[in-house]
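One structure is given below, represented as C-alpha coordinates, and several questions about it will come after.
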Protein chains: 2
Amino acid sequence: MITTDLHPVDEEGAQEFRSRTSETYARIHGDVVSGKLKPGVKLKIEQLREEYDVGATPVREALSFLAADGLVVREDQKGFRVAEVSADEFEDLLAVRCMIEERALRLAISRGGRKWEEGIVLARFRLSGVGRIEGNEAEWERHHRAFHMSLLAACGSSLLLRLSKQFYDENNRYRHLSRLNHATTRDVRGEHEEIAEAVLARDTDRAVGLLVEHYTKTGNLLRIALKDLATDGHG
Amino acid sequence: MITTDLHPVDEEGAQEFRSRTSETYARIHGDVVSGKLKPGVKLKIEQLREEYDVGATPVREALSFLAADGLVVREDQKGFRVAEVSADEFEDLLAVRCMIEERALRLAISRGGRKWEEGIVLARFRLSGVGRIEGNEAEWERHHRAFHMSLLAACGSSLLLRLSKQFYDENNRYRHLSRLNHATTRDVRGEHEEIAEAVLARDTDRAVGLLVEHYTKTGNLLRIALKDLATDGHG
DNA sequence: CTGGACTAAAATATCGATATTTGTTGACGC
DNA sequence: GCGTCAACAAATATCGATATTTTAGTCCAG
(Lines give C-alpha, C1' and ligand atoms only; values in the text may rest on other atoms or scores of the structure.)
Protein backbone atom coordinates (compact mmCIF):
# COMPACT_ATOMS: atom_id res chain seq x y z
CA MET A 1 0.00 0.00 0.00
CA ILE A 2 1.63 3.14 -1.20
CA THR A 3 -0.92 5.66 -0.09
CA THR A 4 -0.69 7.45 3.20
CA ASP A 5 -3.42 8.00 5.70
CA LEU A 6 -3.38 11.70 5.05
CA HIS A 7 -5.86 11.10 2.28
CA PRO A 8 -9.46 12.03 2.84
CA VAL A 9 -12.07 9.60 4.00
CA ASP A 10 -12.98 6.80 1.66
CA GLU A 11 -16.14 5.46 3.13
CA GLU A 12 -17.71 6.56 6.34
CA GLY A 13 -17.29 10.18 7.17
CA ALA A 14 -16.81 11.97 10.46
CA GLN A 15 -13.72 10.20 11.61
CA GLU A 16 -11.47 11.52 14.28
CA PHE A 17 -7.99 12.50 13.26
CA ARG A 18 -4.87 11.30 14.92
CA SER A 19 -2.91 14.42 14.13
CA ARG A 20 -3.45 18.09 13.51
CA THR A 21 -1.72 17.68 10.19
CA SER A 22 -4.19 15.06 8.96
CA GLU A 23 -7.12 17.12 10.07
CA THR A 24 -5.78 20.28 8.52
CA TYR A 25 -4.99 18.43 5.33
CA ALA A 26 -8.50 17.05 5.09
CA ARG A 27 -10.05 20.44 5.74
CA ILE A 28 -7.97 22.36 3.24
CA HIS A 29 -8.39 19.56 0.74
CA GLY A 30 -12.13 19.78 1.19
CA ASP A 31 -12.14 23.54 0.90
CA VAL A 32 -10.14 23.46 -2.31
CA VAL A 33 -12.22 20.70 -3.89
CA SER A 34 -15.49 22.29 -2.85
CA GLY A 35 -14.38 25.57 -4.34
CA LYS A 36 -14.54 27.46 -1.06
CA LEU A 37 -10.89 28.25 -1.64
CA LYS A 38 -10.82 29.61 -5.14
CA PRO A 39 -8.17 28.98 -7.80
CA GLY A 40 -5.17 31.25 -7.57
CA VAL A 41 -5.92 32.41 -4.06
CA LYS A 42 -2.90 32.98 -1.86
CA LEU A 43 -2.74 30.60 1.05
CA LYS A 44 -1.17 32.63 3.80
CA ILE A 45 0.11 30.56 6.63
CA GLU A 46 -0.88 33.01 9.33
CA GLN A 47 -4.38 33.24 7.96
CA LEU A 48 -4.87 29.48 7.73
CA ARG A 49 -3.30 29.12 11.13
CA GLU A 50 -6.06 31.26 12.52
CA GLU A 51 -8.85 29.82 10.35
CA TYR A 52 -8.16 26.26 11.39
CA ASP A 53 -6.84 27.10 14.84
CA VAL A 54 -3.58 25.24 14.50
CA GLY A 55 0.15 25.90 14.40
CA ALA A 56 2.23 26.76 11.37
CA THR A 57 3.87 23.36 11.06
CA PRO A 58 0.72 21.30 10.42
CA VAL A 59 -0.47 23.91 7.96
CA ARG A 60 2.77 23.83 6.02
CA GLU A 61 2.87 20.06 6.05
CA ALA A 62 -0.68 19.81 4.79
CA LEU A 63 0.08 22.30 2.04
CA SER A 64 3.21 20.42 1.04
CA PHE A 65 1.17 17.27 0.66
CA LEU A 66 -1.48 19.09 -1.32
CA ALA A 67 1.21 20.52 -3.56
CA ALA A 68 2.33 17.05 -4.53
CA ASP A 69 -1.32 16.18 -5.12
CA GLY A 70 -1.55 19.04 -7.56
CA LEU A 71 -4.29 20.93 -5.80
CA VAL A 72 -1.91 23.55 -4.51
CA VAL A 73 1.14 25.18 -6.02
CA ARG A 74 4.25 26.12 -4.12
CA GLU A 75 6.83 28.63 -5.11
CA ASP A 76 9.93 28.92 -3.02
CA GLN A 77 9.96 32.00 -0.86
CA LYS A 78 6.58 32.99 -2.16
CA GLY A 79 4.46 30.50 -0.33
CA PHE A 80 1.49 28.51 -1.47
CA ARG A 81 -1.55 29.24 -3.56
CA VAL A 82 -4.51 27.27 -4.81
CA ALA A 83 -3.78 25.70 -8.20
CA GLU A 84 -5.26 27.54 -11.12
CA VAL A 85 -7.86 25.93 -13.35
CA SER A 86 -8.16 26.18 -17.09
CA ALA A 87 -10.03 24.59 -19.93
CA ASP A 88 -6.82 23.00 -21.18
CA GLU A 89 -5.96 21.51 -17.83
CA PHE A 90 -9.46 20.17 -17.61
CA GLU A 91 -9.31 18.48 -21.00
CA ASP A 92 -6.03 16.97 -19.96
CA LEU A 93 -7.45 15.75 -16.68
CA LEU A 94 -10.57 14.31 -18.24
CA ALA A 95 -8.68 12.40 -20.91
CA VAL A 96 -6.15 10.90 -18.51
CA ARG A 97 -8.84 10.09 -16.03
CA CYS A 98 -10.88 8.20 -18.60
CA MET A 99 -7.84 6.21 -19.60
CA ILE A 100 -7.00 5.33 -16.02
CA GLU A 101 -10.50 4.40 -15.00
CA GLU A 102 -11.13 2.38 -18.12
CA ARG A 103 -8.12 0.26 -17.34
CA ALA A 104 -9.08 -0.03 -13.71
CA LEU A 105 -12.66 -0.97 -14.51
CA ARG A 106 -11.66 -3.65 -17.00
CA LEU A 107 -9.32 -5.17 -14.47
CA ALA A 108 -11.90 -4.97 -11.71
CA ILE A 109 -14.54 -6.71 -13.78
CA SER A 110 -12.17 -9.49 -14.69
CA ARG A 111 -10.78 -9.93 -11.21
CA GLY A 112 -13.59 -8.93 -8.91
CA GLY A 113 -15.30 -11.52 -6.72
CA ARG A 114 -18.32 -11.76 -4.50
CA LYS A 115 -17.06 -9.22 -2.01
CA TRP A 116 -16.45 -6.66 -4.72
CA GLU A 117 -19.96 -7.12 -6.08
CA GLU A 118 -21.42 -6.65 -2.64
CA GLY A 119 -19.44 -3.45 -2.21
CA ILE A 120 -20.98 -2.07 -5.37
CA VAL A 121 -24.48 -3.06 -4.39
CA LEU A 122 -24.06 -1.45 -1.03
CA ALA A 123 -22.57 1.74 -2.42
CA ARG A 124 -25.32 1.98 -5.03
CA PHE A 125 -27.96 1.54 -2.39
CA ARG A 126 -26.50 4.24 -0.20
CA LEU A 127 -26.15 6.64 -3.07
CA SER A 128 -29.71 6.10 -4.23
CA GLY A 129 -31.00 6.47 -0.71
CA VAL A 130 -29.79 9.97 -0.09
CA GLY A 131 -31.68 12.46 -2.22
CA ARG A 132 -29.90 15.64 -2.98
CA ILE A 133 -32.10 17.75 -0.75
CA GLU A 134 -30.16 20.67 0.65
CA GLY A 135 -28.22 19.81 3.72
CA ASN A 136 -27.42 16.39 2.35
CA GLU A 137 -24.91 17.69 -0.16
CA ALA A 138 -21.92 16.52 1.81
CA GLU A 139 -23.38 13.09 2.36
CA TRP A 140 -24.29 12.71 -1.31
CA GLU A 141 -20.77 13.73 -2.28
CA ARG A 142 -19.31 11.11 -0.01
CA HIS A 143 -21.57 8.36 -1.30
CA HIS A 144 -21.02 9.40 -4.88
CA ARG A 145 -17.27 9.13 -4.49
CA ALA A 146 -17.62 5.83 -2.67
CA PHE A 147 -19.84 4.45 -5.42
CA HIS A 148 -17.44 5.28 -8.19
CA MET A 149 -14.51 3.89 -6.27
CA SER A 150 -16.41 0.71 -5.42
CA LEU A 151 -16.59 -0.07 -9.13
CA LEU A 152 -12.81 -0.08 -9.37
CA ALA A 153 -12.04 -1.51 -5.97
CA ALA A 154 -11.16 -4.97 -7.24
CA CYS A 155 -8.80 -3.86 -9.98
CA GLY A 156 -5.88 -5.12 -7.93
CA SER A 157 -3.73 -2.11 -8.63
CA SER A 158 -3.12 0.25 -5.77
CA LEU A 159 -1.56 2.68 -8.20
CA LEU A 160 -4.62 2.85 -10.41
CA LEU A 161 -6.81 3.28 -7.37
CA ARG A 162 -4.67 6.06 -6.01
CA LEU A 163 -4.75 7.90 -9.32
CA SER A 164 -8.48 7.35 -9.71
CA LYS A 165 -9.16 8.93 -6.35
CA GLN A 166 -6.84 11.81 -7.01
CA PHE A 167 -8.37 12.58 -10.37
CA TYR A 168 -11.87 12.11 -9.06
CA ASP A 169 -11.19 14.83 -6.53
CA GLU A 170 -9.62 17.10 -9.07
CA ASN A 171 -12.50 16.62 -11.47
CA ASN A 172 -14.86 17.23 -8.61
CA ARG A 173 -13.25 20.58 -8.01
CA TYR A 174 -14.04 21.60 -11.56
CA ARG A 175 -17.61 20.51 -11.09
CA HIS A 176 -17.99 22.58 -7.96
CA LEU A 177 -16.30 25.60 -9.45
CA SER A 178 -18.69 25.50 -12.35
CA ARG A 179 -21.57 25.41 -9.88
CA LEU A 180 -22.81 22.49 -11.89
CA ASN A 181 -25.54 20.76 -10.03
CA HIS A 182 -24.86 17.40 -11.62
CA ALA A 183 -27.92 15.65 -10.29
CA THR A 184 -30.43 18.16 -11.52
CA THR A 185 -29.10 18.55 -15.04
CA ARG A 186 -29.43 15.01 -16.21
CA ASP A 187 -30.71 11.71 -15.04
CA VAL A 188 -27.54 11.01 -13.15
CA ARG A 189 -29.20 8.53 -10.89
CA GLY A 190 -30.30 6.53 -13.90
CA GLU A 191 -26.81 6.61 -15.32
CA HIS A 192 -25.40 5.26 -12.10
CA GLU A 193 -27.93 2.46 -12.13
CA GLU A 194 -27.07 1.57 -15.70
CA ILE A 195 -23.37 1.52 -14.97
CA ALA A 196 -23.79 -0.61 -11.89
CA GLU A 197 -25.97 -3.06 -13.80
CA ALA A 198 -23.49 -3.40 -16.63
CA VAL A 199 -20.62 -3.88 -14.23
CA LEU A 200 -22.42 -6.47 -12.16
CA ALA A 201 -23.46 -8.26 -15.34
CA ARG A 202 -19.77 -8.31 -16.25
CA ASP A 203 -20.57 -6.68 -19.56
CA THR A 204 -17.15 -5.08 -19.75
CA ASP A 205 -17.38 -3.08 -22.95
CA ARG A 206 -20.80 -1.73 -22.14
CA ALA A 207 -19.73 -0.81 -18.63
CA VAL A 208 -16.66 1.00 -19.84
CA GLY A 209 -18.64 2.76 -22.53
CA LEU A 210 -21.24 3.94 -20.06
CA LEU A 211 -18.66 5.08 -17.55
CA VAL A 212 -16.67 7.06 -20.07
CA GLU A 213 -19.86 8.53 -21.48
CA HIS A 214 -20.88 9.45 -17.96
CA TYR A 215 -17.66 11.38 -17.49
CA THR A 216 -17.71 12.85 -20.95
CA LYS A 217 -21.24 14.18 -20.55
CA THR A 218 -20.29 15.98 -17.38
CA GLY A 219 -17.15 17.09 -19.16
CA ASN A 220 -19.12 18.69 -21.94
CA LEU A 221 -21.21 20.66 -19.51
CA LEU A 222 -18.14 21.67 -17.57
CA ARG A 223 -16.46 22.83 -20.73
CA ILE A 224 -19.26 25.28 -21.36
CA ALA A 225 -19.37 26.44 -17.77
CA LEU A 226 -15.61 26.91 -17.79
CA LYS A 227 -15.78 29.41 -20.60
CA ASP A 228 -18.15 31.56 -18.59
CA LEU A 229 -15.90 31.17 -15.60
CA ALA A 230 -12.94 32.34 -17.64
CA THR A 231 -14.70 35.41 -18.94
CA ASP A 232 -16.66 36.74 -15.96
CA GLY A 233 -14.75 35.06 -13.20
CA HIS A 234 -11.91 37.54 -13.09
CA GLY A 235 -12.17 39.15 -9.68
CA MET B 1 1.34 24.16 -14.83
CA ILE B 2 0.39 22.01 -11.92
CA THR B 3 3.75 20.81 -10.82
CA THR B 4 5.73 22.56 -8.13
CA ASP B 5 9.37 23.46 -8.12
CA LEU B 6 10.08 21.01 -5.39
CA HIS B 7 10.60 18.35 -8.01
CA PRO B 8 14.13 17.28 -8.79
CA VAL B 9 16.14 18.75 -11.57
CA ASP B 10 14.92 18.07 -15.07
CA GLU B 11 17.88 19.03 -17.19
CA GLU B 12 21.07 20.54 -15.95
CA GLY B 13 22.16 19.46 -12.53
CA ALA B 14 23.84 21.30 -9.73
CA GLN B 15 21.32 24.04 -9.26
CA GLU B 16 21.11 26.18 -6.21
CA PHE B 17 18.04 25.85 -4.09
CA ARG B 18 15.92 28.73 -2.97
CA SER B 19 14.84 27.04 0.21
CA ARG B 20 16.03 24.49 2.69
CA THR B 21 12.89 22.52 2.05
CA SER B 22 13.61 22.17 -1.68
CA GLU B 23 17.15 21.15 -1.05
CA THR B 24 16.20 18.65 1.61
CA TYR B 25 13.48 17.25 -0.60
CA ALA B 26 15.88 16.77 -3.48
CA ARG B 27 18.44 15.09 -1.28
CA ILE B 28 16.06 12.68 0.41
CA HIS B 29 14.39 11.98 -2.91
CA GLY B 30 17.77 11.16 -4.38
CA ASP B 31 18.73 8.97 -1.46
CA VAL B 32 15.50 7.01 -1.67
CA VAL B 33 15.66 6.55 -5.44
CA SER B 34 19.32 5.62 -5.38
CA GLY B 35 18.65 3.06 -2.70
CA LYS B 36 20.90 4.66 -0.14
CA LEU B 37 17.83 4.86 2.04
CA LYS B 38 16.46 1.34 1.97
CA PRO B 39 12.81 0.30 1.83
CA GLY B 40 11.10 0.18 5.18
CA VAL B 41 13.70 2.08 7.14
CA LYS B 42 12.49 4.53 9.67
CA LEU B 43 13.06 8.15 8.80
CA LYS B 44 13.66 9.77 12.14
CA ILE B 45 13.35 13.51 12.07
CA GLU B 46 16.18 14.11 14.50
CA GLN B 47 18.48 11.86 12.52
CA LEU B 48 17.70 13.51 9.18
CA ARG B 49 17.95 16.90 10.82
CA GLU B 50 21.50 16.09 11.69
CA GLU B 51 22.36 14.29 8.47
CA TYR B 52 21.28 17.17 6.27
CA ASP B 53 22.10 19.90 8.78
CA VAL B 54 18.69 21.52 8.72
CA GLY B 55 15.75 22.18 11.03
CA ALA B 56 12.82 19.90 11.68
CA THR B 57 10.34 21.89 9.62
CA PRO B 58 12.04 21.53 6.23
CA VAL B 59 12.57 17.84 6.90
CA ARG B 60 8.93 17.27 7.72
CA GLU B 61 7.78 19.28 4.74
CA ALA B 62 10.04 17.37 2.39
CA LEU B 63 8.80 14.09 3.82
CA SER B 64 5.19 15.15 3.48
CA PHE B 65 5.78 15.89 -0.17
CA LEU B 66 7.56 12.58 -0.67
CA ALA B 67 4.68 10.81 1.01
CA ALA B 68 2.26 12.15 -1.58
CA ASP B 69 4.74 11.08 -4.24
CA GLY B 70 4.59 7.56 -2.90
CA LEU B 71 8.25 7.20 -2.09
CA VAL B 72 7.66 7.57 1.61
CA VAL B 73 4.87 6.40 3.86
CA ARG B 74 3.49 8.34 6.76
CA GLU B 75 1.59 6.99 9.69
CA ASP B 76 0.13 9.41 12.14
CA GLN B 77 2.02 9.55 15.41
CA LYS B 78 4.46 7.02 14.11
CA GLY B 79 6.40 9.17 11.73
CA PHE B 80 7.75 8.43 8.28
CA ARG B 81 9.45 5.48 6.70
CA VAL B 82 10.73 4.65 3.25
CA ALA B 83 8.05 2.96 1.18
CA GLU B 84 8.36 -0.79 0.93
CA VAL B 85 8.99 -2.50 -2.38
CA SER B 86 7.51 -5.73 -3.61
CA ALA B 87 7.21 -7.74 -6.76
CA ASP B 88 3.50 -6.98 -6.91
CA GLU B 89 3.99 -3.26 -6.56
CA PHE B 90 6.60 -3.41 -9.24
CA GLU B 91 4.34 -5.22 -11.71
CA ASP B 92 1.70 -2.65 -10.98
CA LEU B 93 4.11 0.21 -11.52
CA LEU B 94 5.52 -1.19 -14.73
CA ALA B 95 2.12 -1.81 -16.25
CA VAL B 96 0.75 1.63 -15.43
CA ARG B 97 3.94 3.27 -16.53
CA CYS B 98 3.83 1.59 -19.91
CA MET B 99 0.26 2.69 -20.39
CA ILE B 100 1.04 6.28 -19.46
CA GLU B 101 4.16 6.55 -21.56
CA GLU B 102 2.58 4.90 -24.55
CA ARG B 103 -0.14 7.49 -24.55
CA ALA B 104 2.33 10.31 -24.00
CA LEU B 105 4.61 9.11 -26.76
CA ARG B 106 1.81 8.78 -29.28
CA LEU B 107 0.67 12.28 -28.51
CA ALA B 108 4.20 13.65 -28.65
CA ILE B 109 4.89 12.12 -32.04
CA SER B 110 1.67 13.49 -33.44
CA ARG B 111 2.06 16.94 -31.94
CA GLY B 112 5.80 17.46 -31.69
CA GLY B 113 7.50 20.07 -33.84
CA ARG B 114 11.00 21.11 -34.72
CA LYS B 115 11.91 22.16 -31.22
CA TRP B 116 10.84 18.82 -29.79
CA GLU B 117 12.95 16.95 -32.33
CA GLU B 118 15.96 19.05 -31.48
CA GLY B 119 15.45 18.33 -27.81
CA ILE B 120 15.59 14.62 -28.50
CA VAL B 121 18.68 14.90 -30.66
CA LEU B 122 20.43 16.91 -27.99
CA ALA B 123 19.44 14.55 -25.18
CA ARG B 124 20.51 11.53 -27.21
CA PHE B 125 23.86 13.11 -27.94
CA ARG B 126 24.48 13.92 -24.30
CA LEU B 127 23.49 10.45 -23.20
CA SER B 128 25.73 8.78 -25.75
CA GLY B 129 28.61 11.06 -24.85
CA VAL B 130 28.90 10.07 -21.24
CA GLY B 131 30.16 6.54 -20.87
CA ARG B 132 29.23 4.78 -17.71
CA ILE B 133 32.72 4.83 -16.29
CA GLU B 134 32.65 4.96 -12.52
CA GLY B 135 32.28 8.47 -11.26
CA ASN B 136 29.97 9.38 -14.08
CA GLU B 137 27.06 7.43 -12.69
CA ALA B 138 25.21 10.50 -11.52
CA GLU B 139 25.69 12.29 -14.80
CA TRP B 140 24.57 9.27 -16.79
CA GLU B 141 21.48 8.98 -14.62
CA ARG B 142 20.62 12.60 -15.26
CA HIS B 143 21.07 12.32 -19.00
CA HIS B 144 19.18 9.06 -19.11
CA ARG B 145 16.20 10.61 -17.41
CA ALA B 146 16.41 13.68 -19.59
CA PHE B 147 16.51 11.52 -22.72
CA HIS B 148 13.42 9.57 -21.84
CA MET B 149 11.54 12.70 -20.90
CA SER B 150 12.60 14.47 -24.07
CA LEU B 151 10.72 11.83 -26.08
CA LEU B 152 7.48 12.72 -24.34
CA ALA B 153 8.07 16.44 -23.95
CA ALA B 154 5.74 17.46 -26.75
CA CYS B 155 2.78 15.37 -25.66
CA GLY B 156 1.00 18.51 -24.57
CA SER B 157 -0.26 17.01 -21.35
CA SER B 158 1.31 18.29 -18.18
CA LEU B 159 -0.44 15.52 -16.30
CA LEU B 160 1.07 12.75 -18.40
CA LEU B 161 4.48 14.35 -18.06
CA ARG B 162 4.17 14.62 -14.33
CA LEU B 163 3.16 10.99 -14.02
CA SER B 164 5.89 9.88 -16.38
CA LYS B 165 8.54 11.57 -14.28
CA GLN B 166 7.14 10.22 -11.08
CA PHE B 167 7.00 6.67 -12.36
CA TYR B 168 10.39 6.94 -13.96
CA ASP B 169 11.84 7.77 -10.57
CA GLU B 170 9.96 5.01 -8.88
CA ASN B 171 11.06 2.48 -11.46
CA ASN B 172 14.56 3.79 -11.14
CA ARG B 173 14.49 3.00 -7.46
CA TYR B 174 13.71 -0.61 -8.22
CA ARG B 175 16.58 -0.71 -10.67
CA HIS B 176 19.01 0.63 -8.11
CA LEU B 177 17.76 -1.63 -5.38
CA SER B 178 18.30 -4.62 -7.60
CA ARG B 179 21.85 -3.41 -8.19
CA LEU B 180 21.07 -3.88 -11.85
CA ASN B 181 23.75 -2.28 -13.91
CA HIS B 182 21.46 -1.62 -16.79
CA ALA B 183 24.11 -0.57 -19.26
CA THR B 184 26.30 -3.61 -18.88
CA THR B 185 23.62 -6.25 -19.15
CA ARG B 186 22.26 -5.42 -22.54
CA ASP B 187 22.95 -3.13 -25.42
CA VAL B 188 21.03 -0.33 -23.81
CA ARG B 189 22.77 2.31 -25.82
CA GLY B 190 21.66 0.59 -29.00
CA GLU B 191 18.10 0.42 -27.73
CA HIS B 192 18.10 4.11 -27.03
CA GLU B 193 19.38 4.80 -30.53
CA GLU B 194 16.69 2.64 -32.05
CA ILE B 195 13.97 4.33 -30.06
CA ALA B 196 15.19 7.78 -30.93
CA GLU B 197 15.36 6.89 -34.60
CA ALA B 198 11.85 5.50 -34.65
CA VAL B 199 10.50 8.52 -32.84
CA LEU B 200 12.24 11.01 -35.09
CA ALA B 201 11.04 9.05 -38.12
CA ARG B 202 7.53 9.41 -36.70
CA ASP B 203 7.06 5.69 -36.89
CA THR B 204 4.62 5.69 -34.03
CA ASP B 205 3.83 2.02 -33.63
CA ARG B 206 7.43 0.98 -33.90
CA ALA B 207 8.52 3.64 -31.45
CA VAL B 208 5.91 2.61 -28.93
CA GLY B 209 6.77 -1.03 -29.40
CA LEU B 210 10.45 -0.41 -28.84
CA LEU B 211 9.85 1.77 -25.81
CA VAL B 212 7.56 -0.71 -24.13
CA GLU B 213 9.96 -3.51 -24.97
CA HIS B 214 12.78 -1.46 -23.50
CA TYR B 215 10.90 -1.16 -20.24
CA THR B 216 9.69 -4.72 -20.27
CA LYS B 217 13.18 -6.10 -20.75
CA THR B 218 14.45 -4.20 -17.76
CA GLY B 219 11.33 -5.29 -15.96
CA ASN B 220 12.06 -8.94 -16.58
CA LEU B 221 15.54 -8.62 -15.18
CA LEU B 222 14.23 -6.68 -12.21
CA ARG B 223 11.65 -9.33 -11.56
CA ILE B 224 14.36 -11.91 -11.15
CA ALA B 225 16.53 -9.66 -9.03
CA LEU B 226 13.57 -8.82 -6.85
CA LYS B 227 13.05 -12.44 -5.86
CA ASP B 228 16.61 -12.60 -4.60
CA LEU B 229 16.10 -9.34 -2.81
CA ALA B 230 13.01 -10.71 -1.12
CA THR B 231 14.75 -13.87 0.05
CA ASP B 232 18.18 -12.74 1.16
CA GLY B 233 17.47 -9.08 1.67
CA HIS B 234 15.89 -9.47 5.06
CA GLY B 235 18.28 -7.65 7.35
C1' DC C 1 7.95 -18.86 32.98
C1' DT C 2 4.13 -15.79 31.21
C1' DG C 3 1.50 -11.69 31.01
C1' DG C 4 -0.04 -7.37 32.35
C1' DA C 5 0.80 -2.82 34.23
C1' DC C 6 3.72 0.72 35.33
C1' DT C 7 7.97 3.63 34.31
C1' DA C 8 11.55 5.59 31.65
C1' DA C 9 13.30 6.74 27.29
C1' DA C 10 12.73 7.93 22.62
C1' DA C 11 10.48 9.96 18.93
C1' DT C 12 6.72 12.50 17.06
C1' DA C 13 3.90 16.38 16.58
C1' DT C 14 3.26 20.89 17.61
C1' DC C 15 3.93 25.59 19.08
C1' DG C 16 5.96 30.27 19.59
C1' DA C 17 9.60 33.16 18.28
C1' DT C 18 13.12 34.77 15.01
C1' DA C 19 15.68 35.55 10.79
C1' DT C 20 15.17 36.28 5.78
C1' DT C 21 13.00 37.34 1.91
C1' DT C 22 9.64 39.70 -0.70
C1' DG C 23 6.51 43.43 -1.59
C1' DT C 24 5.26 48.31 -1.01
C1' DT C 25 5.35 53.04 -0.24
C1' DG C 26 7.16 57.39 -0.82
C1' DA C 27 10.99 60.58 -1.12
C1' DC C 28 14.46 62.06 -4.16
C1' DG C 29 16.96 63.12 -8.31
C1' DC C 30 16.77 63.36 -13.27
C1' DG D 1 6.33 63.11 -14.71
C1' DC D 2 9.02 58.88 -14.20
C1' DG D 3 12.21 55.69 -12.75
C1' DT D 4 15.13 54.43 -8.79
C1' DC D 5 16.32 53.40 -4.39
C1' DA D 6 15.85 53.17 0.52
C1' DA D 7 13.24 52.25 4.49
C1' DC D 8 9.27 49.96 6.13
C1' DA D 9 5.73 46.36 6.35
C1' DA D 10 4.18 41.80 5.39
C1' DA D 11 4.83 37.09 4.75
C1' DT D 12 7.73 33.15 4.35
C1' DA D 13 10.98 29.97 5.93
C1' DT D 14 13.27 28.26 9.64
C1' DC D 15 14.77 27.22 14.22
C1' DG D 16 14.69 25.76 19.17
C1' DA D 17 11.88 24.25 22.81
C1' DT D 18 7.83 21.78 24.66
C1' DA D 19 3.90 18.67 25.06
C1' DT D 20 2.17 14.12 23.65
C1' DT D 21 2.40 9.72 22.07
C1' DT D 22 4.68 5.51 21.21
C1' DT D 23 8.10 2.17 22.35
C1' DA D 24 11.06 -0.48 25.37
C1' DG D 25 12.14 -2.17 29.64
C1' DT D 26 11.21 -3.92 34.09
C1' DC D 27 8.99 -5.57 37.89
C1' DC D 28 5.71 -8.15 40.10
C1' DA D 29 1.58 -11.31 40.41
C1' DG D 30 -0.27 -15.48 38.95
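We name chains A, B, ... by the order of the sequence lines, and we start the count at 1 in each one. As a basis for the values below, the full set of heavy atoms in this structure was taken, side chains included, without hydrogen atoms, waters or symmetry mates.
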Inset, instruction - Round to the nearest Å and state the distance from A:Tyr25 atom OH to C:dA13 atom C1'. - result: 19 Å

Legend entry - Test of ring centre spacing under 6.0 Å for B:His143 and B:Phe125: no

Legend entry - Closest heavy-atom pair and its distance - B:Leu43, B:Arg81: CD1-C, 3.8 Å

Legend entry - For atom CZ of B:Phe17 and atom P of D:dT12, their distance in whole Å: 22 Å

Legend entry - Plane angle bin for A:His148 and A:Tyr215 - parallel if under 30°, tilted between 30 and 60°, otherwise perpendicular: tilted

Legend entry - Short side-chain N/O contact to C:dA13 OP1/OP2 from B:Arg60, under 4.0 Å: yes

Inset, instruction - Would you kindly give the CD-to-C1' distance between A:Glu75 and D:dA13, to the nearest whole Å? - result: 14 Å

Inset, instruction - Calculate the interatomic distance between B:Leu63 atom CG and C:dA11 atom P; express it in whole Å. - result: 15 Å

Inset, instruction - Strictly below 4.0 Å, heavy-atom distances to any atom of DNA chain C: list the hits from residues 43-53 of chain B, or just say none. - result: B:Leu43, B:Lys44, B:Ile45

In residues 47-55 of chain B, what donor-acceptor pairs under 3.5 Å come from side-chain atoms, sequence neighbours left out?
unit_1, atom_1, unit_2, atom_2, d
B:Arg49, NH1, B:Val54, O, 3.3
B:Tyr52, OH, B:Asp31, OD2, 2.6

Legend entry - B:Glu84 with B:Lys38: basic N within carboxylate O range, under 4.0 Å: no

Legend entry - Spacing between B:Arg74 atom CZ and C:dA11 atom P, to the nearest angstrom: 18 Å

Legend entry - Any donor-acceptor N or O pair under 3.5 Å, side chains B:Ser22, B:Ser19: yes

Inset, instruction - Specify the residue among B:Gly79 and A:Pro58 whose closest nucleotide of DNA chain C lies further upstream toward the 5′ end. - result: B:Gly79

Legend entry - B:Thr57 side-chain proximity, nearest of D:dT14, C:dT14, C:dA11: D:dT14

Inset, instruction - Answer yes or no: does a side-chain N or O of B:Thr21 lie under 4.0 Å from OP1 or OP2 of D:dT14? - result: yes

Inset, instruction - Using modelled atom types only, decide if a donor and an acceptor are shared between the side chain of B:Trp116 and the backbone of B:Arg111 within a distance under 3.5 Å. - result: no

Legend entry - Donor on one side chain, acceptor on other, B:Glu139 and B:His144, under 3.5 Å: no

Legend entry - Heavy-atom closest contact (B:Ile28 atom, B:Ala62 atom, distance): CD1-CB, 4.5 Å

Please list each protein N or O that sits under 3.5 Å from an N or O in nucleotides 22-25 of chain C, with the distance.
unit_1, atom_1, unit_2, atom_2, d
C:dT22, OP1, B:Arg18, NH2, 2.9

